[in-house]
Student: 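One structure coming up, written as structure tokens, with questions to follow.
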Amino acid sequence: MKFSLPENTLLKLSEFIASKLALNFPKARWNDLERNIVSASNEFGYKEVESFIQRIMSSPLTHEHIEILTAHLTNNETYFWREQKTFEVLEQKILPGLIQIRKEEKRIRIWSAGCSTGEEPYSIAIALNRSIPNIKDWNITILATDISPRILRKATAGIYSQWSFRNSPQWLKENYFMPTENNKFELIPAIKSMVKFEYLNLADDVFPSPLNNTNAMDIIFCRNVLMYFTQERFRQVSRGLYNSLVQGGYFVVSASELSTQNFPEFTPVNVPGMVIYQKTSKKIKDRYKLTFVDPPPEPVSLKVPPKNYQTIEWAKSQPHEIENEITNHEEIPKQIVPVYEETLKAYSQGDYAEVIDKLQNDEQTVEEQILLIRALANQGNLIEALKMCEKTITTNKLDPRLYYLYATILQENNQLNEAIVSLKRAIYLDTNFVLSYYLLGNIYQRLGDVKNAKKSYENVLSLLNKCSKDEILFESEGLTAGRFKEIINATMQTRELV
């Protein structure tokens with residue numbers, strides 16, 4: 001194996017990338033590393049690759065620089081209907097069962113994690129369009145996330161060259177694309193509008209979370225992404241993806257990533273020609289038509305999210321709609337009973353059913369009520385979550401967290417105008433509630449109100465500028481002000497709001 005760069009340089013670089021970016025480049029992949037680092041050095045404006053390597057290893061990197069590096073060091077190679085057997089299983093096995101289960105609720109949520117230039121999530125949208133009659137009557141969410149705002153902007157445009165259709169069936173391009181100039185093809189609006197592209201860093205960001213809409217997923221595609229991570233980060237990310245699924249939800253990886261050792265939390269499901277994974281338990285297996293094997297034992301490791309509590313702040317000029325509800329000023333309780341700690345542990349492990357079982361029939365504190373609402377929402381039980389939230393608000397009218405939580409569930413249920421009202425109430429009760437402004441911006445963006453979306457994001461940045469970089473944001477499950485500022489800037493770049 002020959003390299004242009006000295007082996008000692010490649011060794012140090014691979015060790016640096018593993019420690020800083022959690023990407024794994026053993027010697028067998030040094031050719032890839034060398035090729036990709038040359039590409040990155042060109043974007044950074046360096047003529048000498050070794051000078052660039054010395055620079056990144058000796059000086060602090062901004063998160064933006066880290067994400068540019070990551071985009072170059074991972075493979076964005078993709079095309080429509082990639083691994084055709086996967087889409088056959090999706091159309092013939094997974095979706096029919098899911099459609100039957102959801103025929104009353106008419107709601108499906110799918111996440112393409114590491115979506116690159118969009119061929120995968122658009123393929124998923126086409127599969128749904130082919131599988132669901134009267135699809136306009138359904139509440140369909142296809143979330144597509146990636147680390148690169150530049151790539152996401154390209155994906156949002158939905159315009160592709162012939163290369164994106166290699167190995168894809170002929171009918172796909174003929175039925176779902178329109179020819180444009182320069183021998184390009186543009187996706188038809190009906191399919192393009194089904195996919196929402198968002199910035200998200202799998203290695204660093206928190207999920208599942210209503211903040212980035214990654215909770216209560218029915219299916220997660222994460223193909224040719226986890227293979228780049230170190231083993232420690234691999235386990236962290238796969239656990240987060242597991243928790244992001246509803247019970248019975250499916251996890252789809254590439255054929256090269258299949259291994260029960262890689263995904264011990266999941267149940268492998270054997271279908272003709274391939275294996276997929278499922279988040280399931282013995283209690284719900286009979287609801288699904290596919291054949292299952294026994295699930296592995298529950299892992300003992302866990303990561304309990306931080307508990308954030310805050311005294312409600314007041315503002316003098318506020319929306320009229322809540323003024324008559326204010327009778328006194330109370331603090332959010334700071335004492336947490338053992339039952340809450342126990343259920344929080346189950347919640348952090350993604351065992352939302354256990355949280356619901358333990359809390360639903362007991363007299364709860366407001367902390368337990370909030371945890372129960374989140375567990376119901378993460379299970380995909382939006383109707384019960386909304387009812388519980390409304391009930392809790394009637395006895396805790398001054399708690400801004402409840403209005404924010406209510407809004408996250410409303411927007412998930414596509415009740416966007418009602419969600420806006422609830423967020424304005426949360427902001428009324430706490431004018432520094434950063435996440436409420438952010439969610440408000442996201443909803444305005446979905447409604448096509450670019451002016452108010454941009455204003456909401458600018459409000460977020462204004463509040464974040466008053467915080468220290470390492471300050472944990474209220475109700476953010478551990479997100480720091482510094483990281484959230486990076487997320488906002490990337491979000492605005494992705495949506496071309498800068």
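Note that these values count all heavy atoms, side chains included, but never hydrogens, waters or copies made by symmetry.
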Student: Just checking, is any N or O donor in the side chain of Q349 or D351 under 3.5 Å from an acceptor N or O on the other one?
Tutor: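 No - no donor-acceptor pair under 3.5 Å links their side chains.
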Student: Checking the side chain of N212 only, and the main-chain atoms of V206 only, is there a donor and an acceptor separated by less than 3.5 Å?
Tutor: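 Answer holds: yes.
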Student: State yes or no: are the ring centers of Y347 and Y352 separated by less than 6.0 Å?
Tutor: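 Close enough - the centres of the two rings lie under 6.0 Å apart.
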Student: Is the side chain of N413 donor-acceptor paired with the backbone N or O of I409 at a distance under 3.5 Å, no angle test?
Tutor: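 No, the answer is negative, given that no donor and acceptor are paired below the 3.5 Å cut-off.
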Student: Can you tell me if NZ on K154 sees more than 12 non-hydrogen neighbours from other groups inside 6.0 Å?
Tutor: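 For K154, atom NZ is not crowded (no more than 12 foreign heavy atoms under 6.0 Å).
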Student: Considering non-hydrogen atoms only, spot the tightest contact between A216 and A377 and give its length.
Tutor: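 Closest approach of A216 to A377, heavy atoms only: CB-O, 3.2 Å.
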Student: If you measure only the distance, is there a donor-acceptor pair under 3.5 Å linking the side chains of N442 and Y457?
Tutor: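 Judged by distance alone, the side chains do pair up.
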Student: Is it the case that the side chains of R102 and N139 hold a donor-acceptor pair, with the cut-off being a distance below 3.5 Å and no angle test?
Tutor: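 Judged by distance alone, the side chains do not pair up.
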Student: Contact between I487 and Y199 at the side-chain level, heavy atoms closer than 4.5 Å - yes or no?
Tutor: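 A side-chain contact exists here, since the closest heavy-atom pair is under 4.5 Å.
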Student: Please work out whether the ring planes of Y404 and F433 are parallel, tilted or perpendicular, with thresholds of 30° and 60°.
Tutor: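 Answer is tilted, since the angle falls between 30° and 60°.
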Student: Using the benzene-type ring in the case of Trp, are the ring centres of F80 and Y176 under 6.0 Å apart?
Tutor: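 No; Y176 has its ring centre 6.0 Å or more from that of F80.
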Student: Hey, can you tell me if H65 and F44 have their rings parallel, tilted or perpendicular (30° and 60° cut-offs)?
Tutor: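 Correct class here is perpendicular.
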Student: Suppose we call two aromatic rings close when their centres sit under 6.0 Å apart. Are Y122 and F197 close by that rule?
Tutor: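 Yes, the ring centres sit under 6.0 Å apart.
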Student: Assess the pair F177 and F185: is the distance between their ring centroids shorter than 6.0 Å?
Tutor: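 That pair fails the under 6.0 Å test.
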Student: Could you tell me the separation between the CG atom of L241 and the CZ atom of F263, rounded to the nearest 0.5 Å?
Tutor: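 So the gap between those two atoms works out to 8.5 Å.
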Student: Classify the side-chain pair S238/R235 by whether it contains a donor and acceptor separated by less than 3.5 Å.
Tutor: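 Distance-only check passes for S238 and R235.
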Student: Does a side chain donor of either N243 or K279 reach within less than 3.5 Å of an acceptor in the other side chain?
Tutor: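 No.
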Student: Give a yes or no on whether the backbone of L10 and the side-chain of E34 come within a donor-acceptor separation of less than 3.5 Å.
Tutor: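 Absent.
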Student: Using the ring of each side chain (for Trp, its six-membered ring), is F87 parallel, tilted or perpendicular to F221, with breaks at 30° and 60°?
Tutor: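 If you compare the ring of F87 with that of F221, the planes turn out parallel.
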Student: If you take all heavy atoms of Q247 and T280, which pair is closest and at what distance?
Tutor: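 Answer, listing the atom of Q247 first, then T280: OE1-CA, 3.5 Å.
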Student: Could you check whether R29 makes a cation-pi contact with F25, meaning its NZ or CZ is under 6.0 Å from the centre of the six-membered ring and within 45° of the ring axis?
Tutor: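 Yes - R29 lies over the ring of F25, closer than 6.0 Å to its centre and within 45° of its axis.
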Student: Hey, is CH2 on W163 packed in by over 12 heavy atoms from elsewhere, all under 6.0 Å?
Tutor: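 Incorrect, the count does not exceed 12.
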Student: Apply side-chain hydrogen bond (donor to acceptor under 3.5 Å, both in side chains) to residues E486 and N201 and explain how you reach the verdict.
Tutor: CA-CA 11 Å; E486 292 165 347; N201 186 338; over 6 Å; no
Student: Checking E88 against K85 for the salt bridge (Lys or Arg N to Asp or Glu O under 4.0 Å) test, could you report, in this order, the C-alpha distance in whole Å, the side-chain angles of both residues, the deciding distance, and whether it holds?
Tutor: CA-CA 5 Å; E88 291 176 4; K85 189 65 183 178; 3.6 Å; yes
Student: Do the side-chain N and O atoms of T214 and W111 include a donor-acceptor pair separated by under 3.5 angstrom?
Tutor: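 No, no side-chain donor-acceptor contact under 3.5 Å.
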Student: For E198 and R495: C-alpha separation, side-chain torsions, deciding distance, then whether salt bridge (Lys or Arg N to Asp or Glu O under 4.0 Å) applies.
Tutor: CA-CA 9 Å; E198 301 287 352; R495 298 172 183 175; 2.2 Å; yes
Student: Can a side-chain donor-acceptor contact be found between D146 and S148 if the only test is distance below 3.5 angstrom?
Tutor: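 On atom types as modelled, these side chains do not qualify, holding no pair under 3.5 Å.
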Student: Name the one of S112, P121, C115 that satisfies side chain to side chain contact (heavy atoms under 4.5 Å, CB included) with V195?
Tutor: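 Only match with V195 under side chain to side chain contact (heavy atoms under 4.5 Å, CB included): P121.
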Student: State whether a side-chain donor-acceptor pair under 3.5 Å links T180 with E186.
Tutor: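 Not at all, the side chains of T180 and E186 share no donor-acceptor pair under 3.5 Å.
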Student: We want to know whether N414 and R107 form a side-chain donor-acceptor pair, criterion being a heavy-atom distance below 3.5 angstrom.
Tutor: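 No, R107 and N414 have no side-chain donor paired with an acceptor closer than 3.5 Å.
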